[in-house]
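In this text, all values refer to a predicted model and were calculated from it rather than measured experimentally. Numbers restart at 1 for each chain; the letters A, B, ... are given by sequence-line order, proteins then strands. Values below: every heavy atom of this structure, side chains too, minus hydrogens, waters and symmetry copies.
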Amino acid sequence: MPYDYQPFPYTAPPGLTAPEPRHKVVIVGAGPIGVAMALELANYGVPSVVLDDNNVVSVGSRAICWSKRSLEILDRLGIGDKSVEKGVTWKVGRTFHRDKEVFNFDLLPEEGHKMPAFVNLQQYYVEEFLVRAALDNDLVDVRFKNEVVEVDQTAEAATVRIETPDGEYSLETEYLIACDGAKSPIREMMGLDFAGELFEERFLIADIEMTADTPSERWFWFEPTFHPGQSALLHKQPDNIYRIDLQLGWDADPVEEKKPEKVIPRIEKVVGHSDFKLDWVSVYTFQCRRLERFVHDRVLFVGDSAHVVSPFGARGGNGGLQDVDNLGWKLAAVLEGRADSGLLETYNTERTYGTDENILNSTRSTRFMTPADGAERLFRDQVLALAAKAPFARSWVNSGRLSVPCVYPVNGADDKALPRVSRPGAVAPDAPMGNGWLLNALGGRMVVLALGCQAPEVAGAEVLTPEITDEIRRRYMGEAEKTVYLIRPDQVIAARWPYVDRTAVEATIEAIWRGE
Amino acid sequence: MTALIDTPNLADHDGFYEELLATHKGLSEAESQALNAQLVMILANHIGDRTVLSEALALARKTPLG
């Protein structure tokens, strides 16, 4: 069954009749990133108003591959289990050249994590789950059909002018968060440059409804016989919906290519029959762009408004949720006076760093998928040819390197003898803990994780001393007898020591709040 | 100080040169290009040292070219 798009209710906002007091946070955009941002802030006790010019979830599957890290974040927002349950879990990707498999990858070859490597779930479901959670949350005030038409800021606050079906009003807010997408009107209104690269390539993207018995895997083809000379991607989604991406070339006419009489014969060749229904079609180009800065005093950019990447690494929606993860606790601390704007600046430095890694990876994949004539095409074609005869070349075949969180360049103490997977800057790896999971136990607080030792009371952090299981030993201790980890509220490891040193831990905590 | 050996290092270089040419024998221009591209990647993987490879690329890119 295709998705049933139900409009969310509009109610006249109070600001139409009397000026509203200055808000803490106003978020522009009720897409997955905007609503996730509001729920994340609500977890820290920060109220927000979410404005959206529309009143339905996004049309078409759009962002479908939610990474392990995203699922962990969604879990904190209360919709993790629901998303996994509804979605199609997968971890294996297969890459074919012509009709032969040349490469496959397993994104989570080990057990002992609450969340799977990836879940395919149409963006409209994620949006619906998030919006429902937001409507049930007293700290989130979602206002549909509220379109921001003007933005301004002073040293103390940002102001937005808003159009509604009942007229205009203004809101003042300590911070304005622009989650208004790749074409961000806020970015436009502020005249900010969105620099980067456009690739001269067009892809057709289609959701089809059909019954089939395919495994839950990601399949990518270079030059398949059903679509000669081009690339194709197949993903399975819930409700018997399949997502197909087909490379069209730069000369393709985007309007013409979206017509069912053009699309259906193309899909018939992919699936080998005509027993399917077309649910949604779009044609897109590849772009990798970002704002130079994500923090503009009182206006913060999060998600696609700050950065766009080409799609085959699942780094768009997942990158946006990592922004949310990074910003929530920092902004909450600034609003409650725990930290000053120096901490907010680390949102800028850390997320532009993460974005650059996403852009680097997706630019490389795009270049491999759509090589320019000449040397680019020569080497691409020869990697594919070589992959059939030499194992090393198979890993060079690049059909997208899928989203994993970056390792932030943090200044915290490290002991190189401890496992690399949990080095400072990395997201803390999950592990079973009692009847639950380590990441759930960490929550969104500053935590001292004491392993194989008793940590003393530490000012400004909770101490956690889980039982040493095989997974905890492997992921956090290695050969060490005891270790102490300091973990930030976004579950990023800040520092680690092979001994207990309360002074060092407390000094690191203070440095984190100062944004150092 | 470079990691790349750019002084004689191959016993029987005349023999290798002959074998290289023989490998290309009978190939079209495009096939020869393809073979060279594969050869570069095979050797790069075998060398397995990014510094050596970067220096090799820089040396090859230096003028005169062609």
Checking heavy-atom separations under 4.5 Å from chain A, one finds in residues 4-17 of chain B none

For E350(A), check side chain to side chain donor-acceptor pair (under 3.5 Å) against everything at least two apart and list the hits.
-> N326(A), K330(A), R488(A)

Got H46(B) and F392(A) here, is their nearest side-chain heavy-atom distance under 4.5 Å?
-> no

Quick check: are there more than 12 heavy atoms from other residues, nucleotides or ligands sitting under 6.0 Å from [atom1] of [X]?
X       : atom1 : answer
E376(A) : CD    : yes
E292(A) : CD    : no
E479(A) : CD    : no
K91(A)  : NZ    : yes

Rounding to 0.5 Å, atoms CD1 (I42(B)) and CD (Q382(A)) come to a distance of 10.0 Å

